[in-house]
Amino acid sequence: RDKQVEDMCQILTPIASAIITTEPESERALKADELGKIASKYCPNVIVCRDINEAFSKGESLAREGDILLFCGSLYLIGHVRTLVEEKRQ
């Protein structure tokens, strides 16, 4: 909750065709619903997935060849996503 969420959304969302919000298992984490409300001010296509695995799968299903999936958040979130990416490579 100590991150500048509104500022980050203003910067990142204009380049996104869709935003998927999620939340790591942390008491300090901003809830996916709250982040979705903020992101929807800047992007009309916002999907809320409270579970990181679900959010990752949804991102994969939406991405087309040449698209970029960008994950932003805490080290807890990025660590979880990194594990998912490494599992897909094997």
Side-chain angles (χ1 to χ4, degrees):
R1 294 182 189 264
D2 57 345
K3 298 190 175 36
Q4 296 171 322
V5 176
E6 189 90 29
D7 293 341
M8 289 188 282
C9 282
Q10 285 179 335
I11 293 167
L12 295 174
T13 54
I15 61 172
S17 58
I19 303 288
I20 302 168
T21 64
T22 192
E23 58 193 66
E25 293 182 26
S26 170
E27 291 180 17
R28 293 184 57 215
L30 182 65
K31 298 296 180 196
D33 291 333
E34 292 177 49
L35 181 54
K37 286 178 187 174
I38 295 168
S40 66
K41 294 179 192 178
Y42 307 101
C43 180
N45 189 12
V46 176
I47 301 159
V48 175
C49 298
R50 286 175 194 83
D51 179 72
I52 297 172
N53 293 1
E54 179 188 352
F56 183 82
S57 295
K58 186 65 174 177
E60 281 189 312
S61 71
L62 292 174
R64 293 179 168 74
E65 189 170 333
D67 283 351
I68 295 171
L69 291 176
L70 175 65
F71 295 89
C72 302
S74 68
L75 291 177
Y76 297 107
L77 175 79
I78 299 305
H80 190 123
V81 170
R82 182 174 184 229
T83 299
L84 294 173
V85 170
E86 289 177 355
E87 287 174 358
K88 293 286 283 183
R89 287 184 179 169
Q90 296 177 4

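Heavy atoms only: backbone and side chains are in, while hydrogens, waters and symmetry mates are out.
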Steps toward side-chain contact (heavy atoms from CB on, under 4.5 Å) verdict (Ile47, Thr21) | CA-CA 6 Å; Ile47 301 159; Thr21 64; over 6 Å; no

CA sep, side-chain torsions, deciding dist, call: Leu35, Val5, side-chain contact (heavy atoms from CB on, under 4.5 Å) | CA-CA 8 Å; Leu35 181 54; Val5 176; 3.4 Å; yes

Evaluate the criterion side-chain contact (heavy atoms from CB on, under 4.5 Å) for residue pair Phe56 and Val85; output intermediate values, then yes/no.
-> CA-CA 9 Å; Phe56 183 82; Val85 170; 3.7 Å; yes

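Here the side chain of Ser40 pairs a donor or acceptor atom with the backbone of Lys37 at under 3.5 angstrom.
Nearest heavy atoms, Ala55 versus Ile20: CB-CG2, 3.8 Å. In terms of heavy-atom proximity, Cys9 sits nearest to Pro14 at O-CD, 4.0 Å. Among all heavy-atom pairs drawn from Cys43 and Thr13, the shortest one is CB-CB, 4.2 Å.
Taken to the nearest 0.5 Å, the CG atom of Leu30 stands 8.5 Å off from the CD atom of Glu23. The distance from the CD atom of Gln4 to the CD atom of Gln10 is 11.0 Å, given to the nearest 0.5 Å. The distance from the CD1 atom of Ile38 to the CG atom of Asp33 is 11.5 Å, given to the nearest 0.5 Å. Taking CE of Met8 as the reference point, atom CD of Glu6 lies at 10.5 Å (rounded to 0.5 Å).
Side-chain contact between Pro24 and Ile52 is present, with heavy atoms from C-beta onward closer than 4.5 Å. With a 4.5 Å cut-off on side-chain heavy atoms, Arg50 and Thr22 do not count as touching.
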Donor-acceptor pairs under 3.5 angstrom involving side-chain atoms of residues 60-67: please list them, not counting sequence neighbours.
from	atom 1	to	atom 2	distance (Å)
Glu60	OE2	Lys88	NZ	3.4
Ser61	OG	Lys58	O	2.8
Asp67	OD2	Arg64	N	2.8

Show me the donor-acceptor pairs, under 3.5 Å and distance only, between side chains in residues 69-80 and residues at least two apart or in other chains.
from	atom 1	to	atom 2	distance (Å)
Ser74	OG	Tyr76	N	3.3
Ser74	OG	Leu77	N	3.2
His80	NE2	Asn53	OD1	2.7

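Under the side chain to side chain donor-acceptor pair (under 3.5 Å) rule, Glu86 has a single partner from Arg82, Arg89, Gln90, which is Arg82.
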